[in-house]
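Structure first, then comments.
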Amino acid sequence: MTFTGATFTQPQVLRPGAVLDSIIRRRAVQTLFQPILHLPTEAVVGFAALSRGPEGSKLENPLALLDAARDSGRLGELDWIFRVAAMEAASNSQLHPSLSWCINVEPAGLAMECPANLRDDYGRSRKRLRAVLELTDRDQQGYARTLLNACEDARRDTWGVALDRVGTDERALALLPLLQPDVVKLDRSIIQAEPDRNIARITAMVRAYAEKYEAVIIAEGIETPEHATRAEVYGAAYGQGYLFGAPGPLPEIVPPPRNPIPLRQEPSPLRHGTPFDVVTVSHDPQVAEKRMLTHIVDHLEEVAAHTGGCVMLVGLQHSNFFPPERQEHYRELSRHNALTVVFADGAPTLESPRYQVMSPGPASPFNHEWQVIVLSADFAGAFLARDMGDRGPEDDRRYEFIYTHDRDTVVTAAKAFLSELPTAA
């Protein structure tokens, strides 16, 4: 098999695994770029990088290539090759530095360091670009800590963060306040469908997030003037799609944009410590017996059961508060949640994309705290309690506690909880 740039000839039939090996070894990928426009003026403000396999190969289709890499356990490697190739092409174009470059990244790639053979190219390109990392909708919920770290790293490089393809899975909306993206990209399925109640609900939640955080909405899949009008009705100021240009090579000249994509988000860094520790810095706790507090937990669990696609984070101190029937209860809740995580010392470890059970270890301060955090695009609630160490009947034990529905406080507590997860989670 021989490669020439982004194309190759295939004189013999090779198994997909061999083709994948050759693509990764030779970095034989191609990058196309689709323009992103400011909708009111129809001026180009940046480009979305779209990666492909080698032209004419069995794995030219990006989804086929990603699936092959995922099945082979090499998705992270391929993601880095895609990312660096796109950044090199953008950097080498020498277009105006105020243009924005939306670069798609997979959680599996974010979970690993840049491979040694790509570091020099990556280092050169990252300093020259106004990049926006597009977090894909694939497997987001199973990589919560990794995504939070990636967002922090991007902001240190003065890059932006985008949540991509919003609308294909409503559960991804629960991650908006945690990741605090600069850009929310509405999926083509939202833009190209006739408006209905479901679309109204999704676009309302996206608009509410954008208004609160001064974020930007970009509409994907704009192919007709009606799509463009619909996108603006949904709150999008920017858009991309075949109406404005098909994916292809970069143009030689693009005027500097008068309305560049704003990157305004400056979320507070991840704080170390339990959610109770972090929140009591600014909130005074109350004190009550356990029997007076269980109704709060029951309420939050009921909300989680009836709120589609929430993040639910639970700390139960130790495993005797997590018997089999309780385990099944949370497993059932996790079926429609974006992410459910339970901490209980001595509990059996369970790791799946949307339901994780972990034992913090006998020395962890989490073992002294009782926590239930529920967060969605339109609900926020947190119960954070610390055992005061009383002896006697369980229901009479006293806890210091904070119960809040303030969204910013709940987000802070959730981030502190998730900071205890392994970085691959």
Open item on the list: Given 3.5 Å as the limit, does a donor-acceptor pair link the side chain of Arg264 with the main chain of Glu214, or not?
Closed with: yes

Open item on the list: Can a donor-acceptor pair be found, under 3.5 Å and without considering hydrogens, that links the side chain of Glu60 to the backbone of Gly56?
Closed with: yes

Task: Verdict with supporting geometry, Arg83 and Glu88, salt bridge (charged side-chain N to carboxylate O under 4.0 Å, His left out) - done: CA-CA 9 Å; Arg83 197 185 321 177; Glu88 282 189 293; over 6 Å; no

Open item on the list: Other residues, nucleotides and ligands only: do more than 12 of their heavy atoms fall within 6.0 Å of CD on Glu113?
Closed with: no

Open item on the list: Is it the case that the side chain of Tyr234 and the backbone of Ala204 share a donor-acceptor pair, with hydrogens and angles ignored and the cut-off at 3.5 Å?
Closed with: no

Open item on the list: Closer than 3.5 angstrom, by distance alone: can the side chain of Thr229 be matched with the main-chain N or O of Pro225 as a donor-acceptor pair?
Closed with: yes

- [ ] May I have the step-by-step check of side-chain hydrogen bond (donor to acceptor under 3.5 Å, both in side chains) for His38 and Thr41, ending in yes or no?
- [x] CA-CA 6 Å; His38 180 243; Thr41 61; 2.9 Å; yes

Atom pairs and distances, donor-acceptor, side-chain atoms in residues 239-248, under 3.5 Å, two or more places apart:
unit_1	atom_1	unit_2	atom_2	d
Gln240	OE1	Lys185	NZ	2.7
Gln240	NE2	Gln34	OE1	3.2

Task: Atom of Leu173, atom of Val166 and distance for their closest heavy-atom approach - done: CD2-CG1, 3.4 Å

Open item on the list: Less than 4.0 angstrom from a charged side-chain N to a carboxylate O is my criterion; do Glu301 and Arg326 meet it?
Closed with: yes

Task: Arg407 with Asp378: basic N within carboxylate O range, under 4.0 Å - done: no

TODO: Taking the side chain as every heavy atom from C-beta outward, state whether Val44 and Pro35 have any pair of such atoms under 4.5 Å apart.
DONE: yes

- [ ] Mark yes or no for whether Asp79, through its side chain, and Leu75, through its backbone, hold a donor-acceptor pair below 3.5 Å.
- [x] no

TODO: Please determine which of Ile373, Val342, Thr340 meets the side-chain contact (heavy atoms from CB on, under 4.5 Å) test together with Val314.
DONE: Val342

Open item on the list: Regarding Asp153 and Arg126, does a basic nitrogen lie under 4.0 Å from an acidic carboxylate oxygen?
Closed with: no

Task: Full working for side chain to side chain contact (heavy atoms under 4.5 Å, CB included) between His405 and Tyr403 - done: CA-CA 7 Å; His405 289 279; Tyr403 178 39; 3.0 Å; yes

TODO: Flag yes if more than 12 heavy atoms outside Glu152 fall under 6.0 Å of its CD atom; otherwise flag no.
DONE: yes

- [ ] For residues Glu106 and Phe82, determine if any side-chain heavy atom of one lies less than 4.5 Å from a side-chain heavy atom of the other.
- [x] no

Open item on the list: Can you tell me if Arg335 has over 12 outside heavy atoms packed within less than 6.0 Å of its CZ?
Closed with: yes

Task: Test item: Ile36 and Cys102 side chains (from C-beta on) under 4.5 Å apart, heavy atoms - done: yes

TODO: Any chance you could lay out the salt bridge (charged side-chain N to carboxylate O under 4.0 Å, His left out) test for Asp408 and Lys212, step after step, and finish with the verdict?
DONE: CA-CA 11 Å; Asp408 291 339; Lys212 175 175 174 56; 3.6 Å; yes

TODO: Tell me yes or no: between the side chains of Asp187 and Thr168, is some donor less than 3.5 Å from an acceptor?
DONE: no

Open item on the list: Applying side chain to side chain contact (heavy atoms under 4.5 Å, CB included) to Val357 and Tyr330, what does each step give before you reach the verdict?
Closed with: CA-CA 10 Å; Val357 178; Tyr330 284 114; over 6 Å; no

Open item on the list: Counting C-beta onward and ignoring hydrogens, is there a side-chain heavy-atom pair between Val183 and Leu163 closer than 4.5 Å?
Closed with: no

Task: Over 12 non-hydrogen atoms of neighbours within 6.0 angstrom of CD in Glu328 - done: yes

Open item on the list: Between Arg354 and Asp169, does any side-chain N to carboxylate O distance fall below 4.0 Å?
Closed with: yes

Open item on the list: Given 3.5 Å as the limit, does a donor-acceptor pair link the side chain of Asn337 with the main chain of Leu339, or not?
Closed with: no

Task: Verdict with reasoning, Arg201 to Glu170, per salt bridge (charged side-chain N to carboxylate O under 4.0 Å, His left out) - done: CA-CA 10 Å; Arg201 184 176 67 256; Glu170 192 174 327; 3.0 Å; yes

TODO: Ignoring hydrogens and angles, tell me if any N or O in the side chain of Thr280 forms a donor-acceptor pair with the backbone of His283 under 3.5 Å.
DONE: no

Open item on the list: Just so I know, are the side chains of Arg27 and Leu118 near enough to count as touching, which here means a heavy-atom distance under 4.5 Å?
Closed with: yes

Open item on the list: Run the salt bridge (charged side-chain N to carboxylate O under 4.0 Å, His left out) test against Asp67 and tell me which residues pass, sequence neighbours left out.
Closed with: Arg70

TODO: Of all the heavy-atom pairs spanning Pro360 and Asn367, show the shortest one and how long it is.
DONE: CG-OD1, 4.0 Å

Open item on the list: Looking at every heavy atom in both Gly235 and Arg207, which two are closest together, and how far apart are they?
Closed with: N-NH2, 3.1 Å

Open item on the list: If only side-chain N and O atoms count, and only distance matters, is there a donor-acceptor pair under 3.5 Å linking Asp277 with Thr274?
Closed with: yes

- [ ] Check step by step if side chain to side chain contact (heavy atoms under 4.5 Å, CB included) holds for Asn61 and Leu65.
- [x] CA-CA 6 Å; Asn61 181 283; Leu65 181 52; over 6 Å; no

Open item on the list: Under 4.0 Å between a side-chain nitrogen and a carboxylate oxygen: does that hold for Lys415 and Glu420?
Closed with: no

Task: Sub-4.5 Å side-chain heavy-atom contact between Met87 and Leu129 - done: yes

TODO: Of all the heavy-atom pairs spanning Ala64 and Leu59, show the shortest one and how long it is.
DONE: O-CD2, 3.9 Å

Open item on the list: Donor-acceptor check, side chain of His368 to backbone of Arg386, threshold 3.5 angstrom: yes or no?
Closed with: no

- [ ] Would you check if Gln265 and Arg155 make a side-chain contact, meaning some heavy-atom pair closer than 4.5 Å?
- [x] yes

TODO: Begin from the C-alpha positions of Glu252 and Leu95 and carry the test side chain to side chain contact (heavy atoms under 4.5 Å, CB included) through to its verdict.
DONE: CA-CA 8 Å; Glu252 293 185 4; Leu95 293 175; over 6 Å; no

- [ ] Assign the ring pair Trp101 / Phe47 to parallel, tilted or perpendicular, where the plane angle (0 to 90°) is split at 30° and 60°.
- [x] parallel

- [ ] Compute whether any side-chain donor of one residue and acceptor of the other, for Gln356 and Glu351, lie under 3.5 angstrom apart.
- [x] no

Open item on the list: Determine whether a donor-acceptor pair (N or O, by modelled atom type, separation under 3.5 Å) exists between the side chain of Ser352 and the backbone of Tyr355.
Closed with: yes

TODO: Show your reasoning for whether ring pair (Phe, Tyr, Trp, His ring centres under 6.0 Å) applies to Trp370 and Phe383.
DONE: CA-CA 8 Å; Trp370 181 20; Phe383 169 75; 5.0 Å; yes

Open item on the list: Looking only at side-chain N and O atoms, does Arg128 offer a donor or acceptor that is under 3.5 Å from a partner on Ser91?
Closed with: yes

Task: Heavy-atom pair of closest approach, residues Leu110 and Ala150 - done: CD1-CB, 3.7 Å

Task: Donor-acceptor under 3.5 Å (Asp182 side chain, Val161 main chain) - done: yes

TODO: Kindly assign one of parallel, tilted or perpendicular to the pair Phe343 and Phe417, based on the angle between their ring planes and the thresholds 30° and 60°.
DONE: parallel

- [ ] Could you check Thr404 against Asp406 for side-chain hydrogen bond (donor to acceptor under 3.5 Å, both in side chains), going step by step and ending with a plain yes or no?
- [x] CA-CA 6 Å; Thr404 179; Asp406 177 75; 5.2 Å; no

Open item on the list: Measuring only between side-chain heavy atoms, which start at C-beta, is Pro54 closer than 4.5 Å to Arg26?
Closed with: no

TODO: Look at Arg188 together with Glu223 and state whether they make a salt bridge at an N to O cut-off of under 4.0 Å.
DONE: yes

Open item on the list: Minimum heavy-atom separation for Ala304 and His336, please, with both atom names.
Closed with: O-NE2, 3.0 Å

